[in-house]
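Numbers here simply count residues along the sequence, with the first being 1.
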Amino acid sequence: MENIQNLCSPSNPASVEAIRESVHHVEAVMERAHHGGGWLLSGILCINILILGCALVSGSALNTVAITSVHKQIFLIILLLLTMLWMLFYAAVTSRKEQGVLFKDSHAGPMWLRVGLLLFGLLSFLMDIFKITTYVGYLHCDSAVKVAFPVVQAVFLLAQTYFLWIHAKDCVQLHTNFTRCGLTLMLSTNLVVWMAAVTEESVHQTEIPELNVNLSHKMYRASYGGEKKCKCSHSVCDTFKEAFYYLYPFNIEYSLFASAMTYVMWKNVGRLVEDHSHHSVKFRPKDVCLGPLTGILLVVAGLVTFILYEVDILQEDEKKRNKALLIHFVMNIVIVSLMSLSTVIGCIVYRLDHREHVSEKNPTRSLDVGLLVGASLGQFIISYFSIVAAVATGARGYLNALNLSWALLTVLQLGLQNYFIIEGLHREPFHVMQEAALHTNACVFQEHAEMSIVMESNKSSYFLTSTSDKPNWKRRVLKEVCAFLLLANIILWIMPAFGARPQFDHPIEIKFYNFTMWAAIVNIGLPFGIFYRMHSVASLFEVYLIS
C-alpha cells in the first residue's frame with residue numbers, strides 16, 4: 001500500500017500502467033495471505049483418497065480373493081455419501097451467507113460445458129438403472145452391495161449435476177478451508193469413480209490370448225453376479241448387462257467433466273476477480289460450410305467402417321479379420337491425415353493473424369491446456385510403443401506398414417492439434433479486438449472537434465456492420481478448421497470408446513512386448529487418449545466461439 005501511495009503522490013508521478021501493476025501485486029499478496037493452509041490440507045486429503053482408491057480399484061480388478069469388487073464398492077459408497085453431505089452443507093449454509101459468494105468467475109462453467117455435463121449425467125443415470133435391474137436378479141445369491149452402489153451413485157449423479165449447474169462459477173469467500181477440503185473430496189471422488197469405470201471397461205474389452213495359439217476374439221467378461229452357479233432370477237439380465245457396457249464411455253466422460261469443473265471451483269476459492277461480465281459470443285453455424293460438411297462425411301464413413309470392424313473382427317476366419325484391420329487402419333490414416341492438413345492451414349492463418357494474447361489470469365484456460373497436454377500423453381505413449389515394435393520387427397506385411405503409418409501420423413496430428421488449440425485459446429476474441437480498435441479510434445477522433453459528428457455516425461455504422469456482416473476470410477478459415485477438427489475428434493472418440501481395440505487384434509505389439517506388458521500400456525494410455533479426443537472437442541468448440 002505504501003508503494004501505491006508513493007506512486008500516486010504528486011512528487012512521484014507514475015503512469016497508469018505502473019499503478020495498475022502495483023494494485024495487481026497487492027491483490028495477489030492479499031489473495032495468497034487469504035489462502036492460509038487450506039491449499040496444503042486439501043491437497044493432502046485429495047492425494048490420500050486418490051492413492052487409496054487406486055490401490056483398491058487395482059486390487060479388486062486383479063485379485064478375486066483378498067480384495068473383491070464388493071470392498072471397492074463399499075469404499076466408493078462411503079465417498080459418495082460424504083461428498084453429498086458436503087454439497088448439502090455448501091448449498092444450505094455457505095452459499096446462502098451474505099459474504100459467502102462475493103464474486104463469480106465468468107469463464108468457469110460455460111453453458112455448453114454444463115449442457116454436456118447434463119447430457120452425460122442423464123446417460124450415466126440410465127446406466128445405473130440398467131445396473132440396478134441386472135444386479136437385482138442376483139440378490140438371492142450375491143451381495144446386496146452390488147445393488148446399493150448404483151443406487152447411491154444414481155442419487156449422487158443427480159445431486160452433483162444440480163450442484164455444478166448452480167455453483168460452478170462461485171468464488172467462495174467464507175469457510176474457505178472447509179470448502180477447499182470439500183471440493184478436493186468431491187474431486188477425488190469423481191476421479192476414483194472414473195478409475196473404477198475405466199478399469200471395468202478395460203477388463204471387459206481386453207482380449208485374453210490363448211497360449212501358443214492365435215488370439216481368441218472372445219471378450220473377457222468380469223464376473224457380475226458371482227460364480228457361474230449363481231443364476232439370474234429374471235430373463236433380461238443378459239440384455240441389460242450388455243446394454244450398460246455401451247453406456248460406460250458416457251459415465252467415464254461425466255466423471256472427468258465433473259472433475260474439471262470441481263477443480264476450477266477449488267482454484268477460485270478466495271479469489272478476487274474483476275467485476276466484469278464475460279463477453280457473450282453467439283454460435284452461428286451459418287458462418288461455416290465446408291468444414292462441417294467434410295466432418296459429417298468423415299463421421300459417417302468412420303461409423304460404417306467401425307461397424308464393419310466390430311462385426312468382422314470377431315470372426316474365426318483370418319482373412320475377414322485381416323480385412324477388418326485393413327479397413328480400420330486405412331480409415332484412421334485418412335482421418336488423421338486430413339486433420340493434420342487442416343491444422344497446418346489453421347496454424348498458417350494464426351501466423352497472419354495479429355490478435356493479442358490474453359494476459360488475464362484464468363484458471364479455466366490453464367486447466368484446459370494442462371488437461372489437453374496431459375491427456376495427449378496417453379496416445380503418444382501407445383503410438384511410440386507401436387512405432388518401436390513395428391520398426392524393430394521390420395514392418396513386414398501391409399498390415400504392419402499401415403500400423404506404423406497410422407502411429408507416425410497420429411504423433412504428427414497430436415502435436416499440430418495441441419499447438420492449434422493452445423494458440424487459439426490464448427488469443428483475444430475477434431469481437432474484443434474490434435471493440436478495442438473502435439475505442440482507440442474514438443479517442444483519436446475526440447481530439448478533433450470537427451470530427452465528432454463523423455465519429456458518432458461511424459460508431460453506429462460500425463456496430464451495425466460488425467454484428468451483421470460475414471466474418472473476414474481469416475475468421476472464416478479458422479471456423480472451418482475448428483468445425484472439421486471437432487467432428488473428426490468425435491469419430492476418433494467413438495471408435496475406441498465403444499470397443500475398437502486394434503492394439504489387441506493386431507498381434508505385432510503383443511509378440512514384441514508380451515501380452516502382460518502391452519495390456520498394461522494400452523489399458524493405461526487408451527483411457528487418456530479417449531478423454532483427449534472428447535476434451536479436444538470441447539476446446540475446439542471454445543476456439544470456434546472466440547474466432
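- Ring orientation note: the planes of F541 and Y544 are close to parallel, at an angle under 30° on the 30°/60° scale.
- Here the side chain of K320 pairs no donor or acceptor atom with the backbone of D312 at under 3.5 angstrom.
- Between the side chains of T161 and Y254, a donor-acceptor pair is found at a separation under 3.5 Å.
- Between H506 and F329, the ring planes are perpendicular. Angles over 60° get that label, and only those under 30° would be called parallel.
- No side-chain donor from either of T410 and Q379 sits under 3.5 Å from a side-chain acceptor of the other.
- The neighbour count for Y384 OH, taken as heavy atoms of other residues, nucleotides or ligands under 6.0 Å away, does not exceed 12.
- D505 has no carboxylate O lying under 4.0 Å from a charged side-chain N of R321, or vice versa, which leaves the two without a salt bridge.
- Checked by atom type and distance alone, the side chain of S383 never pairs as donor or acceptor with a backbone atom of F380 at under 3.5 Å.
- Between R365 and E542, at least one side-chain nitrogen of the basic residue sits less than 4.0 Å from a carboxylate oxygen of the acidic one, meeting the salt-bridge criterion.
- In terms of modelled atom types and a separation under 3.5 Å, the side chain of K104 and the main chain of D170 share no donor-acceptor contact.
- Side-chain atoms of N251 and Q153 form no donor-acceptor pair, as typed in the model, at a separation below 3.5 Å.
- Side-chain atoms of S188 come within 3.5 Å of backbone atoms of L185 as a donor-acceptor pair (strictly under, hydrogens ignored).
- At most 12 heavy atoms of other shown residues, nucleotides or ligands fall within 6.0 angstrom of atom OH in Y246.
- In this structure, a donor-acceptor pair under 3.5 Å is absent between the side chains of N268 and Y263.
- Not one N or O on the side chain of H535 forms a donor-acceptor pair closer than 3.5 Å with the backbone of L371.
- Taking the six-membered ring for Trp, Y248 and W194 have ring centres at least 6.0 Å apart.
- Using a 3.5 Å distance cut-off with no hydrogens or angles, the side chains of W266 and T184 do not pair a donor with an acceptor.
- Taking 4.5 Å as the limit, some side-chain heavy atom of Y532 sits within range of a side-chain heavy atom of N418.
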Please assess I49 against T189 for the test side-chain contact (heavy atoms from CB on, under 4.5 Å), listing each intermediate value before the final yes or no.
CA-CA 8 Å; I49 293 176; T189 298; 5.6 Å; no

Determine whether M261 and R114 satisfy the following criterion, side-chain contact (heavy atoms from CB on, under 4.5 Å), listing intermediate values before the conclusion.
CA-CA 9 Å; M261 296 174 72; R114 286 182 288 168; 3.8 Å; yes

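- Relative to the ring axis of W39, R180 places its NZ or CZ within 45° and under 6.0 Å from the centre.
- Residue Y162 places its OH atom among 12 or fewer non-hydrogen atoms of other residues, nucleotides or ligands, all under 6.0 Å distant.
- Counted by atom type alone, S386 and E509 present one or more donor-acceptor pairs between their side chains at under 3.5 Å.
- Put simply, the side chain of N514 never gets that close to the backbone of I510: no donor and acceptor are under 3.5 Å apart.
- Between R533 and E253, none of the side-chain N atoms (NZ, or NE/NH1/NH2) sits under 4.0 Å from a carboxylate O, so this pair counts as no salt bridge.
- Other residues, nucleotides and ligands contribute over 12 non-hydrogen atoms within 6.0 Å of the CZ atom of F306.
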